[in-house]
> 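Here you go, one structure.
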Amino acid sequence: MREDVESLDIRDVTANWVNAAVLQGQIDDRIKALADLAHTPLFFGRLDYLHAPGADLAEGAAGEQFYIGRRHVHDADGDPMVIDWRAPVSQPFYRASKADPQDVGLRRRFGYTGGELTAYEDEHLSDPTESAAVSKLLQQEIERPRVGPMRDIVATIQPEQDRLVRSGLSGSVCVQGGPGTGKTAVGLHRVAYLLYAHRERLARTGTLVVGPNRSFLHYIEQVLPALGELEVKQATVDDLVAREGLEVRAADAAATAVVKGDARMAEVLRRAVRSHVAAPVEPLMVVRGSRRWRVPAYELEEIVRELLDRDVRYGAAREALPQRIAHTVLVRMEQAGEAPDDRVQDAVARNAAVKAAVREIWPPVEPAKLVLRLLSDAEFLAAHADGVLTDDEQKLLLWPKPFRSVKSAKWTAADLVLIDEAADLVERTHSLGHVVLDEAQDLSPMQYRAVGRRCTTGSATVLGDLAQGTTPWATRSWDEALAHLGKPEAVLEELTAGFRVPREVIAYASRLLPVISPGLAAVSSVRGTPGSLVVSAVAATDTGTELTAAVVAACRDSLRHEGSIGLIAADARVPELARALEAAGLPYLAPGEETTQRARLTLVPASLAKGLEYDHVVLDEPAAVVSGEPDERTGLRRLYVCLTRAVSGLHLLHAAPLPEALA
């Protein structure tokens, strides 16, 4: 198929060089989408239907056989050989069961090793004499060692996941799921499905995946290309609100960040933007030729009041104002017996006197300068935060020493979110067709609003786990979060079956749930792996060298296993552990760097562990992870995240006492 595209000659089918460039670009994209993936088979399953799909089910109707794969594959004549996993005819591969065979006589799963077919497994779904059994190939695929970035799960999608993946484009979905339930995979595969089912629409409007940090995005970046989807953009919230010329050069104290992230800041900003509108105090005189047309101040005020009452965006109203004034002048002209047309109205709107009046009544607003003034000028802030923020909250917002200009200011990440909000009050933010928001539980209300602005006319897939919220402003309920996102109608779904984390490990981590998120259901893992959890106490010393040495030894021991190894530690402990690994001759990677067969150990600061996974995890000093956060509850949530990154085994080492729930 790729060679067919490469052999296309477009010289005789393009009218000019522009058409040729566009067509060549499309051909290049098609070639990229058809790239071979090492060790990735073209098909992973087969469905034998009792009757041809869509045919008359009368007795004697012939059945039909389909191979299911990541991509549609056809032969030289254009006849299908492999059916795309997203096609309707492929759906029973994921949802058919003994109780509901969906006209499938046989479901076959294929097993591969390094891209080579090594096994197959059959289920005769319509045979009442054959009992249902757990698929061993499915289990092996889930447990296969992980080296490199996250991979697709098209061969192992479960029925409850498939239902979410194939949900429609028009509705938004929020998925609450504990560690290992496949939230991220569901979100990414839903994007792939929507692009398949609504390709033309989403090609126009665009799709976006929002992740918590660059390391996470790097980890997931190969999933969609492996499914042939190359056009999905990926970004962090910081990327979305970034503005040219403004750099994040400071960090807020937790209390200040909480106030800046509060949804009430949207009202403060709205008031501050609208405060720039000044009531007209003098009439406007427009001179055209030998005639003078007068618009009294009270009529100008009526026009301004109407625009304010309509609550249109500041910039749109400012653009409408000269046209409204010009229309009033045209009415005067018509009353005087003239017959002006639209060209006259446009000319009046561009009149110097009208422009001057607009500048005075409705001056331009620069979002960054507005936020600079709010954070620098106590009186300006108080005027617009009155009745919205308390005096103490206003004091938290003000800079101890105001900055002179936008460029010299030491902006924080939360400040840029405020500037983005102000910018949207002035000019509408471009909306996309679909946005996936992963690890959503860590967003502030103002960050939700920033993401929501990018899908006001589209839909969203929100993914997260309330128990893994590790910011002071972490989401308390999904209803509240979805309201801030602008998607209160989104359907809330919960995934409770775990496939990634072994049962012994998730049960141990779930001891923290009553403390960190009371009432949240614990994940029930389908995988029991005896020996997957090891907890080692190390003698405490003043220097901590005994613990460090034990951790290095545990890493060396873990490297005897297949797959990736993650050493997770409190951020403050990372430099010491890095020196110890170097001294021991153990090469290691930073989060986001791709693991290989030669370099399989990654040193992970606890603050970056969220969303990542490793075959084996060595966890250093849980007490240090907890104490590294502003409060104990946040620290225990961070620890919960770290405890649940392992796919095959977790070795926890500690010198200090364990948290009470784990002890």
> Considering only residues two or more places apart or on different chains, which pairs with a residue in residues 203-216 satisfy side-chain hydrogen bond (donor to acceptor under 3.5 Å, both in side chains)?
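Those involving residues 203-216 are Arg214-Asp239.
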> With no hydrogens and no angle check, do the side chains of Gln158 and Asp162 hold a donor and an acceptor under 3.5 Å apart?
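Side chains of Gln158 and Asp162: no pair found under 3.5 Å.
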> Holding to side-chain contact (heavy atoms from CB on, under 4.5 Å), I want the full list of residues that pass it with Glu229, two or more places apart in sequence or in another chain.
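Arg86, Ala192, Leu195, Arg199, Leu224.
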> Applying ring-ring contact (aromatic ring centres under 6.0 Å, His included), name anything that partners His384, two or more places apart in sequence or on another chain.
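Scan of His384 (ring-ring contact (aromatic ring centres under 6.0 Å, His included), adjacent residues dropped) gives Phe380.
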> Can you tell me if Glu221 and Gln234 form a side-chain donor-acceptor pair at under 3.5 Å?
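No.
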> Verify the distance criterion only: is there a donor paired with an acceptor across the side chains of Gln161 and Tyr94 at less than 3.5 Å?
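Side chains of Gln161 and Tyr94: no pair found under 3.5 Å.
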> Anything under 3.5 Å between a donor and an acceptor, one on a side chain of residues 356-375, the other on a protein residue two or more places apart or in another chain? List them.
unit_1	atom_1	unit_2	atom_2	d
Trp362	NE1	Tyr314	O	3.3
Glu366	OE2	Ala368	N	3.4

> Restricting to side-chain contact (heavy atoms from CB on, under 4.5 Å), what partner residues turn up for Asp420, sequence neighbours left out?
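side-chain contact (heavy atoms from CB on, under 4.5 Å) list for Asp420, sorted by chain: Val241, Ala450, Arg453, Arg454.
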> Scan for ring pair (Phe, Tyr, Trp, His ring centres under 6.0 Å) pairs involving residues 408-446, sequence neighbours excluded, and state none if there are none.
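Listed once each, the pairs are Trp399-Trp411.
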> Can you tell me how far apart CG (Leu194) and OG1 (Thr461) are? Round to the nearest 0.5 Å.
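The distance works out to 6.5 Å.
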> Please list, chain by chain and in numerical order, all residues satisfying side-chain hydrogen bond (donor to acceptor under 3.5 Å, both in side chains) with Glu439, sequence neighbours excluded.
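So Glu439 forms a side-chain hydrogen bond (donor to acceptor under 3.5 Å, both in side chains) with Gln441.
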> Would you list the pairs meeting side-chain hydrogen bond (donor to acceptor under 3.5 Å, both in side chains) in which at least one residue belongs to residues 469-481, sequence neighbours left out?
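Output for this query lists Gln176-Trp478, Asp442-Thr470, Tyr448-Thr475, Thr470-Lys610, Thr470-Arg638, Thr471-Trp473, Arg476-Glu480.
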> With sequence neighbours left out, write down each residue that passes ring-ring contact (aromatic ring centres under 6.0 Å, His included) with His72, or none if nothing qualifies.
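If we apply the ring-ring contact (aromatic ring centres under 6.0 Å, His included) test to His72, skipping adjacent residues, the hits are His74.
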> For Glu427, give me all partners under side-chain contact (heavy atoms from CB on, under 4.5 Å), at least two apart in sequence or on another chain.
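Applying side-chain contact (heavy atoms from CB on, under 4.5 Å) to Glu427 gives Glu319.
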> Would a 4.5 Å heavy-atom cut-off, applied to side chains only, mark Lys260 and Leu418 as touching?
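Lys260 reaches Leu418 side chain to side chain.
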> Excluding sequence neighbours, so at least two apart, what forms salt bridge (Lys or Arg N to Asp or Glu O under 4.0 Å) with Arg324?
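Arg324 satisfies salt bridge (Lys or Arg N to Asp or Glu O under 4.0 Å) with Glu306 only.
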> Which pairs pass ring pair (Phe, Tyr, Trp, His ring centres under 6.0 Å) with one or both residues in residues 166-206, sequence neighbours excluded?
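Residue pairs passing ring pair (Phe, Tyr, Trp, His ring centres under 6.0 Å), neighbours aside: Trp85-His189.
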